[in-house]
Structures are given as C-alpha cells and as structure tokens.
Amino acid sequence: MSGLLSVFLHLFLLCQLAAPVTFRHRRYDDLVRTLYKVHNECPHITRVYSVGRSVKGRHLYVLEFSDYPGIHEPLEPEVKYVGNMHGNEVLGRELLLQLSEFLCEEFRNANPRILRLVQDTRIHIMPSMNPDGYEVAAAQGPDASGYLVGRNNANGVDLNRNFPDLNTYIYYNEKYGGPNHHLPLPDNWKSQVEPETRAVIQWIRSLNFVLSANLHGGAVVANYPYDKSLEHRFRGYRRTANTPTPDDKLFQKLAKVYSYAHGWMHHGWNCGDYFPDGITNGASWYSLSKGMQDFNYLHTNCFEITLELSCDKFPRQEELQREWLGNREALIQFLEQVHQGIKGMVLDENNNYLPKAVISVSGINHDVTSGDHGDYFRLLLPGTYTVTATAPGFDPKTVTVTVGPGEPKRVDFQLKRSIPPVTESPAQHLEADSYQSKYSPG
C-alpha cells in the first residue's frame, strides 16, 4: 500500500509540475504575493522594493532583476517597465507579473538568452503605479459599463497628466536657445503632484535609467515622444501635429521593435483605428500635456515609449493567455534594445569618476550625462558620430566613433583639468613697468 501511495504521490507531483500557468487578474494582495513568490524562487537575482505609497497607503512595489540586486554595476544599463498607471488599464499589470515569473523560470532553466539579459542588464518592473485605481476598477469588473471607473488615483487625478510640464520650456529653448536636456523642475514641484507621481519622479531621479516603457490599454500601438504638440491640439481634432524629438528616428526604431515582435500590433489595423507599422508619434495622435513619457526624456537620461496593448482596458480573464503569448517576445526584445549605441566611462587624469559630465552628439540636439559612477549610455542608431564629453573645470574631448548594429561601442573619456589663463595682478604690472623704465636704452 505504501508503494502504491508513493507512486501516486510521484505522479501527482509530476502533474503539478506540468500544470499550465493560471492566467488571472490579481488584486493588490495577490500582486504582492506574486512578487515575493518570484523573489523566493530566484533570491539571488531579484529584489523587491517600494518607491513610495499611494494616496491610500498601498506600496508602489518594484521587482528588480540583476546578477547583483540592489547594486549599480558601472557600464550595466538600467531599464524599467511601468504598468497600470491608469488603474482601469490592467493588461500591462498582468503582463509584467507574467514577465517576472517568466524571467525567473527561464533563468533557473539556464535559458542562454535570459541568462545574458539578467547578467548584463539591471531590470526594474513596477506592475502597478496606481494600485488604488486598480482596486476600484477591479471591484467593478470587466463586464461593467463604467469605461473610466478606476482610471484616476484616489484623489481623482489622472497620473499621466500630473508630471511637471517641461515641453513648454524645451520648445522655447529649441527656438531661442537654452538647455536641451535635464530641464530643471520648479522649486515647488513636490506640492504640485500626487503622491504616486512624486514617488516615481524621485525613483527615476535616483537611478540612471536608460530605457523605459509605460504600459497602457485602450488601443494597440507603440507611441513615442513627443506627446505634447507645439500647438497642443486635443484628441479628435486634426491629426497632423507630428512633434518629433531630436531622437525621432531612434524612437521610431524602438517602437517598431516592439510592434513587429508583437503578435499583431504591426498590422496597423486595431481597435477600429489604423497606425502604419503599429506605431505613432504621440502628438500626431492626440496632444497630451504633463505626461510621464516626455518627462523622462526631458528631465533624465531615460528614453521612454508608451505601449497601448489592448482594445479592452480590462480584458476578460480568458483573454490573458493570448495576450501574454502576443506580448512575450516583444517584452524581451524591448529590454534588449538598451544594449545599442555607445557607452563608456568619464574619468579625470587620476581615474576618478566624473559624474554629470555631458555627452553631446553632433547633429542630435539632446545630450545625456554620466551617472554617479562616471558611466554613461547613449542610445544611437548605426552610423558614424562625432561625440564630445564636457565637464566643468575640464577641457572637453571630442572623438569620432562608428556604431554598428550589434552591441554598444565602448567609448571612454579621460578629461584633463583646465589650466586657468595666467593674468597679471596690478602689482606685477607696475613692477614690469618699473623694470622696463630702469633698463630700457636711452
């Protein structure tokens, strides 16, 4: 009997291991359990941390994947995914939870592609930026008619219209001259934004993010900046206000990578609308002010796009597996896009880190800066570029570099401290005049 029981238990365990993944909507408590479950299964490559709390006190949790969790390794880029910014747009939240489980499982299975990704990249996954809104939407469920219920946070604020408006300043600077990157925030910015927005701003300022995607729902398209047009037209009124960034071609390429790796986004016809290649400039679709996408580009080193992933903002549970299969490859490929262009160290003559050195690329009016460890990352398409590194108190250095389609090119800069010009003091000037008058002939 004991032998039969042993065989039965063995077969039962095999069936459990072979059981298909359960695709379901997960409320806040279930989301937290999922994140810690992944961490417990992959403790050496993950870390769960919170960047802050929502209006109602729920944590804004992030799951990090890295071979050294919690540590920035110089020359290893930081990349992030943010989901569920609008509480009723829930597919991104579930996809990011599935992605977390997938990365852990494939790493444990020694999948070479995932091993390399985790070892060479520091990945941050925030499944929900608006957990309060999600709970309101989830209580209504996918069958109710309230299209916008749960969209905003608990204070009734749309978080994607809540970031400081830096577009107005960049458009002015482009016309009249001024900084083209890391635009400063107003002194009172913290009092002007919601708790969730404040937490995310502090988060993206604390890490030198290079690439990001913000996951939404209600359409199927990869949207790239700028989101706010020069004329700031509103949705439904003329779709001709294309407002490109200086990195427009690069952003188009990033958007196409996701679109063409996605199961059907690249077809263009989705949700009763048509977007060639499944991508769009945000402002040419509709103008959006104070959005997170433009803020990332204008205030930090981070290049962010917005992924609209489903016609239904709250898809039925039975649709989740199809959506995961349609997005899985695209989610991985997009993470891999952080490894392109150039990267390197900026050091002084004694090999000390030079943080906040400015990296400029001739012909592209958008600079990036080195991080606290002196490392910088500049996403670029294949081509030949003239690149200059500058830092206060140091002589600038310029190099010409050819970028290929593969791994990023390593370009280091060692800057020499500037030698201030020698100027004569008034006393030295008088002494020289006296000398000349004493020893001059005649």
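In this text the structure is predicted, and so the values were computed from the model without any measurement.
Side-chain contact between Asn84 and Leu215: absent, with no pair of heavy atoms (C-beta onward) separated by less than 4.5 Å. At least one side-chain heavy atom of Arg58 sits less than 4.5 Å from a side-chain heavy atom of Glu135. Side chains of Asn173 and Pro179 form a contact here, defined as non-hydrogen atoms less than 4.5 Å apart. His59 places a side-chain heavy atom less than 4.5 Å from the side chain of Tyr28. Proximity of Val82 to Val200: side-chain heavy atoms (C-beta onward) are nowhere separated by under 4.5 Å. Taking 4.5 Å as the limit, some side-chain heavy atom of Phe413 sits within range of a side-chain heavy atom of Val399. Using a 4.5 Å heavy-atom threshold, the side chains of Tyr385 and Ser362 count as separate. Two residues are said to be in side-chain contact when any heavy atoms from C-beta on lie closer than 4.5 Å; Val79 and Thr121 meet this criterion.
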Steps toward side-chain hydrogen bond (donor to acceptor under 3.5 Å, both in side chains) verdict (Thr245, Asp248): CA-CA 5 Å; Thr245 69; Asp248 187 57; 5.2 Å; no
Worked verdict on Arg328 versus Leu325 for side chain to side chain contact (heavy atoms under 4.5 Å, CB included): CA-CA 5 Å; Arg328 181 178 62 192; Leu325 295 176; 4.1 Å; yes
Worked check of side-chain hydrogen bond (donor to acceptor under 3.5 Å, both in side chains) between Gln293 and Lys228: CA-CA 10 Å; Gln293 174 176 268; Lys228 182 179 179 178; over 6 Å; no
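Ring centroid separation for the pair His366 and Tyr297 comes in under the 6.0 Å cut-off.
Cation-pi geometry between Arg24 and Trp324 is not met at under 6.0 angstrom from the ring centre and within 45 degrees of the axis. Phe65 does not carry Arg122 over the face of its six-membered ring by the limits of under 6.0 Å from the centre and within 45° of the normal.
Across all their heavy atoms, Asn223 and Gly282 have their closest contact at OD1-CA, 3.0 Å. Across all non-hydrogen atoms, the minimal contact from Val368 to Phe377 is CG2-O, 3.8 Å. Closest non-hydrogen pair, Pro164 versus Pro186, comes out as CB-CD, 4.5 Å. Across every non-hydrogen atom of Asp158 and Arg151, the tightest pair is OD2-NH2, 3.0 Å.
For the atom pair CG of Asp294 and CZ of Phe163, the computed distance is 11.0 Å after rounding to the nearest 0.5 Å. Taking NE2 of His25 as the reference point, atom CG of Leu320 lies at 4.5 Å (rounded to 0.5 Å).
The number of heavy-atom neighbours closer than 6.0 Å to CG of Asn352, taken from other residues, nucleotides and ligands shown, is above 12. Annotation for Tyr49: atom OH counts as buried by contact number, over 12 foreign heavy atoms lying within 6.0 Å.
Side chain of Asn111 to main chain of Arg113: a donor-acceptor pair is present (N/O by atom type, distance under 3.5 Å, no hydrogens or angles).
A tilted orientation is assigned to the rings of His72 and His373, their planes being inclined by 30° to 60°.
Neither side chain, Tyr376 nor Asn208, offers a donor N or O lying under 3.5 Å from an acceptor on the other.
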